[in-house]
Amino acid sequence: MGTKAQELVGTDVKKIVVLLNKAFADEWLAYYQYWIGAKVARGQMRGAVVGELEQHAAEELKHAVMLTERIIQLGGTPILTPEGWYKQTNCGYDAPEDPSVKALLKQNIKGEQCAIEVYQKLSGATKDKDVVTYQLALEIMADEIEHEEDLESLLEDMSQK
Ligand code: FE
Ligand code: FE
Ligand code: MG
């Protein structure tokens, strides 16, 4: 428990932990959506798309690690069950029922756009209140922006022939 860390954040600490846990749920679901999408993907440019999906899966897992560490520093408990991810997610989970690479890219672009909004809001809620979480939100948001652009570029390349 980060006693001083919690004291610095002050009265908003519980509210911030709730937001962190909701983002944490999103990251696990995004991780799995990418991970399983990479396994089932079919269609044109599959190699390039699978490489990108696998890389993003690893990065979403890294985000989950970053968020857990902050939740614990603030005296919170990270969500302990997969059922909890479903209850608390902002962005939900889209099963890759259509394994075509285009459908996968579209689903994951939607997920990234939701994630960008989540971190935009988290940065707004923590600016001037909790600088460490604020920095974390900006750092993760920069990754999500990169993810969106990576996937949109792949989709664009695919549409060009
Ligand atoms: Fe992420
Ligand atoms: Fe992402
Ligand atoms: Mg990438």
Side-chain angles (χ1 to χ4, degrees), residues 16-74 76 78-82 84-127 130-160:
I16 292 169
V17 166
V18 169
L19 297 176
L20 286 166
N21 252 325
K22 289 176 73 63
F24 177 68
D26 293 331
E27 294 294 350
W28 271 106
L29 294 172
Y31 163 74
Y32 189 70
Q33 189 174 311
Y34 274 122
W35 186 89
I36 197 68
K39 301 296 179 205
V40 300
R42 295 290 176 271
Q44 57 170 323
M45 291 176 62
R46 181 164 114 189
V49 173
V50 165
E52 202 65 52
L53 299 180
E54 284 172 345
Q55 189 195 64
H56 289 193
E59 286 167 0
E60 308 308 4
L61 193 56
K62 187 192 79 187
H63 296 160
V65 172
M66 292 160 76
L67 291 163
T68 350
E69 285 170 354
R70 188 61 185 149
I71 290 165
I72 290 167
Q73 280 171 4
L74 292 178
I79 297 171
L80 298 174
T81 64
W85 302 337
Y86 258 106
K87 280 188 199 131
Q88 297 197 49
T89 178
N90 301 290
C91 299
Y93 177 77
D94 275 336
E97 271 145 20
D98 176 353
S100 77
V101 285
K102 273 192 185 170
L104 292 177
L105 288 171
K106 284 179 190 161
Q107 276 182 336
N108 287 310
I109 288 167
K110 195 179 118 215
E112 293 299 344
Q113 290 171 343
C114 181
I116 292 166
E117 278 178 24
V118 166
Y119 292 106
Q120 173 73 36
K121 283 184 192 150
L122 184 61
S123 67
T126 51
K127 194 172 192 289
D130 174 356
V131 282
V132 175
T133 303
Y134 176 65
Q135 286 298 331
L136 180 80
L138 295 187
E139 195 183 329
I140 300 178
M141 185 163 66
D143 285 347
E144 310 304 13
I145 288 169
E146 195 183 302
H147 289 171
E148 180 200 31
E149 143 75 11
D150 288 344
L151 301 180
E152 285 181 343
S153 300
L154 281 166
L155 195 59
E156 197 186 309
D157 291 349
M158 236 169 248
S159 309
Q160 246 151 33

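Each ligand, and each atom within it, is numbered from 1 in the order the structure gives. We're numbering straight along the sequence, starting at 1.
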Quick one, [X] and [Y] - any side-chain contact, counting heavy atoms below 4.5 Å?
X: Thr133; Y: Leu19; value: no
X: Leu20; Y: Leu136; value: yes
X: Met158; Y: Leu105; value: yes

Specify which N/O/S atom of Glu144 comes nearest to the Fe ion (ligand 1), by atom name.
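Answer by atom name: OE2.
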
Report the atom name of the nearest N/O/S atom of Glu60 relative to the Fe ion (ligand 1).
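Per the distance ranking, Glu60 contributes OE1 as its closest N/O/S atom to the Fe ion (ligand 1).
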
The Fe ion (ligand 2) - closest N/O/S atom in His147:
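Among the N, O or S atoms of His147, the one closest to the Fe ion (ligand 2) is ND1.
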
So which N/O/S atom does [X] have closest to the Mg ion (ligand 3)?
X: His56; result: NE2
X: Glu52; result: OE2
X: Asp150; result: OD2

Under 2.8 Å from the Fe ion (ligand 2) - does any N, O or S atom of Glu59 fall there?
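No.
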
Near the Fe ion (ligand 1), is there an N/O/S atom from Asp143 that is less than 2.8 Å away?
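So Asp143 does not count as coordinating the Fe ion (ligand 1).
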
Ion pair present between Lys106 and Asp98, side-chain N to carboxylate O less than 4.0 angstrom?
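Looking at Asp98 together with Lys106, the answer is no, because their closest N to O distance does not fall below 4.0 Å.
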
Donor-acceptor check, side chain of Thr68 to backbone of Val65, threshold 3.5 angstrom: yes or no?
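Confirmed, Thr68 side chain pairs with Val65 backbone.
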
Got a sec: does the NZ of Lys127 have more than 12 other heavy atoms crowding it under 6.0 Å?
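Check fails, neighbour count at 12 or below.
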
Write down the atom of Pro96, the atom of Ile36, and the distance for their closest heavy-atom approach.
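Reported closest heavy-atom pair: CG-CG2, 3.7 Å.
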
Taking the Fe ion (ligand 1) as the vertex, how big is the angle to ND1 in His63 and OE2 in Glu27, rounded to 10°?
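With the Fe ion (ligand 1) as the vertex, ND1 (His63) and OE2 (Glu27) sit 100° apart.
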
